[in-house]
Structure formats: C-alpha cells, structure tokens
Amino acid sequence: MPELPEVETICRALRNGGRDAPAILNWQIEKAEVFWPKTLAEPDKQEFLQQVAGQSVLNVQRRAKFIVIQLTDDFLVVHLRMSGDLRVEPNTKDLQKHDHLVIWFQNGFHMAFNDPRKFGRVWFRKDVEGLFARLGPEPLELQSSENFFNCLLQRRRQLKPLLMDQNFLAGMGNIYTDEALHIAGLHPLMNSSDLTQKEAQKLLYAIQDVLSTGIQRNGASIDWFYRGGSFQNEFRVYGRSGQPCPICGTFIEKIVVGQRGTHYCPVCQPTSRSSQTTEKKG
DNA sequence: CTGGCTCCCTGAATGC
DNA sequence: TGCATTCAGGGAGCCA
C-alpha cells in the first residue's frame, strides 16, 4: 500500500478532507493512547502522552513516505511501512483490531494508527531535520536528469534496489519501481553505472510519470488495504506475472531482487544492453 | 558499500 | 475435501 502516492493521498486527505473523513487542521488533541509500545519510536510513552495533550494540528505534509503532522509545539511523524493505515473517525465508531496508537480530539473525532504487521512507527519530536537528514531527493522535485544521471553512475548498484534506497531517492517502493522500470524499458538487474544519459533521462521521466499518475488516481489499493485508490487498475507489470505485457504481449516474468518480488517484461526490458534496442521506432 | 536477516501478522498457496 | 503448514507481502534498520 503505502508508497509515495499513497502517502501523499493520505496527507492530502488529512489536510484538505477526504471522501470519508474531514480535514484535521486546527483540531485540538484531548489525549492519546498507545496500545503497542514499539509503535512509538520516540520519546517514551509517558512523556508522549503528557506532551501531546492540548496541542492542535497546524499542518500536514509529506516527506518521502513520512506523514508529517505539525502540532503546536512538536511534530507527529508517522511512517506506515508495509501495512500501516491512518483512520479519522467519529468516536461513535469502535476501535479496530491492530489499532496501536490513537489520538483523541476535543471535537468527538479520533485518529487511529492501525498496522497488522506492526512495522509502522510514530515519532514525536521538536524537529524533523534529524529524522530526514539522510533521505535522498523527492523524485517529483528533480528538475534535470543530468544530476540524476551522475548519481546513477557513481553508485554501481542494481537499478531496482538503488531506486528503492531511500537515501538515494526518497519515496519509491516495490510497486512504483517495477512500473517505472517497465515504462523506461530497463531491466531491474541492470547496473546503474551502465546507463546512458538518454536512458537516465528516460528513467527519471518514467519515475515522475508513474508517481504523478499514482497520485492522480489516489494511489493503488491492493487486497483489503487502503481502500479508495484506483492505480492498481493500470499496473503494467506489478502482480501480473504470467499475463501479457501491455506493450508487446510477452508474458510478464517474476524474479526476486533484493528479497523483493520483481515483475518485468523480458522483451521490453532486456537483460543485456544491446545498444540498438527499442529505440528504433517507439 | 552491499547483501542478508529481522521485525510482525495475515490470507493464500501448498502439502498430506 | 479438510486440516495443517509454509510462504509471500506495500518497508527499512541493523549487522556482518
């Protein structure tokens, strides 16, 4: 579920209101509860509960896959990891299984952090700089592919793990990386230092294309998680192993790269770099 | 710097 | 067919 477009969608819903929940801006916190201690990365539970009460929500923004909720005196930062979700509901609705941290507002609503796999984390801090210090650039904010190209050359890594490395580029996950590599016509195992400048440009465009389309579609909804997005209907390769490539009809293949399931078209994304590949006619 | 393991739980897939 | 077991899954910190 939560890669950059899904997190962006959640942030916009919290800031501007979503289809099933109002915006939380200016809401004042009555109290908080923590049911699974490890959810709270920092500070310790007692300090958090004491400090967060009474603060109001000033703004909600996204950085990489982090949800940054600016409160009166502190930042509440949420990372959903694999299976996390945030629900804003009136207090007439019951809490659910796997709700690990709940913010109760003065106005009769609450925000629940739900996460079956318990990988997600919440930080409560005075600043966010320390938390984000090592993050790579926002892919949608990259203007020129020249710098991107140089960075790819400097790192001699397999393309897919590199693109998913948050310290290289911040926000890509498994789904959007597979999709972007297919659009760019690049094999996930290709070494980043073997890219031509033209391929690097194509890759950056593909990344920005797939992310902005994902945001337009309110993200992708998979299985029972993250209702509301529709980008899953436009997947070219992700989750489509054995089905035909939308470009050439070849069956999509699935391999494991860096412990992650990886989907690609063996024809559109050739392993070896034959210099005159698909560049002929489009 | 890189690759592998680990944190957890769930539903689907597999095995007998 | 039915029950039990295994495995894969949106992520990333930590370790060697």
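Letters A, B, ... are given to chains in the order of the sequence lines, protein chains preceding strands, and every chain is numbered from 1. Computation of the quantities below employed the complete heavy-atom set of this structure, encompassing side-chain atoms and omitting hydrogens, waters and symmetry-equivalent molecules.
Minimum atom distance to the side chain of A/Gln158 is reached by B/dG3, of the listed B/dT2, C/dG10, B/dG3. Comparing B/dC5, C/dG9, C/dG10 by their nearest atom to the side chain of A/Asn174 picks out C/dG10. Checking C/dA8, C/dG10, B/dT10 against every side-chain atom of A/Lys97, the shortest atom distance belongs to B/dT10.
Using a 5.5 Å limit on the distance between ring centres and a 30° limit on the angle between planes, the aromatic ring of A/Phe119 does not count as stacked on the six-membered base ring of C/dA12.
Between A/His98 atom NE2 and C/dG10 atom P the separation is 18 Å, expressed in whole Å. Rounded to an integer number of Å, the gap from CG of A/Leu162 to P of B/dT2 is 8 Å. As rounded to whole Å, 5 Å separates atom P of B/dT2 from atom CZ of A/Arg157. A/Lys118 places its NZ atom 19 Å from the C1' atom of C/dG13, with the value rounded to the nearest Å. Across the protein-nucleic acid pair, A/Arg81 atom CZ and B/dC9 atom P stand 15 Å apart, rounded to whole Å. Atom P of nucleotide B/dG3 and atom CG of A/Asp165 are separated by 11 Å, given to the nearest angstrom. Rounded to whole angstrom, the span from the CG atom of A/Leu169 across to the C1' atom of C/dA12 amounts to 15 Å. Atom CG of A/Asn114 is separated from atom C1' of B/dT10 by 12 Å (rounded to the nearest Å).
Nucleotide B/dC8 forms no Watson-Crick or G-U wobble pair with any nucleotide shown, as no partner meets the under 3.5 Å limit on both distances. Summarising the base pairing, C/dA16 is matched to B/dT2 through a Watson-Crick or G-U wobble pair whose two defining distances lie under 3.5 Å.
Syn is the classification of C/dG10, since its glycosidic angle stays within 90° of 0.
Ring geometry for A/Trp123 versus A/His79: interplanar angle over 60°, hence perpendicular rather than tilted (30 to 60°). Using a 30° and 60° split on the angle between ring planes, A/Trp27 and A/Phe105 fall in the perpendicular class, above 60°. Using bins of under 30°, 30° to 60° and over 60° for the plane-to-plane angle, the ring pair A/His100/A/Trp36 lands in the tilted bin.
Put simply, A/Lys65 has a side-chain N or O that comes within less than 4.0 Å of OP1 or OP2 on C/dG11. The phosphate of C/dG10 (OP1 or OP2) has a side-chain N or O of A/Tyr238 nearer than 4.0 angstrom.
The closest side-chain donor-acceptor pair between A/Asn91 and A/His110 falls under 3.5 angstrom. Side-chain contact, A/Asn174 with A/Lys160: a donor N or O sits under 3.5 Å from an acceptor N or O.
Residue A/Arg260 is classed as a base contact, given a heavy-atom separation below 4.0 Å to a base. Among the heavy atoms of the strands, none lies under 4.0 Å from A/Phe66.
A residue-by-residue look at A/Arg117 and A/Gln166 shows that A/Arg117 has its nearest nucleotide of DNA chain C further toward the 5' end.
To the nearest whole angstrom, the two P atoms, one in B/dA13 and one in C/dG10, are 15 Å apart. As rounded to the nearest Å, C/dT5 and B/dC8 have P atoms that lie 22 Å from one another. Comparing the P positions of B/dG11 and C/dT1 gives an interatomic distance of 23 Å, to the nearest angstrom.
In terms of heavy-atom proximity, A/Ile207 sits nearest to A/Pro139 at CG2-CB, 3.8 Å.
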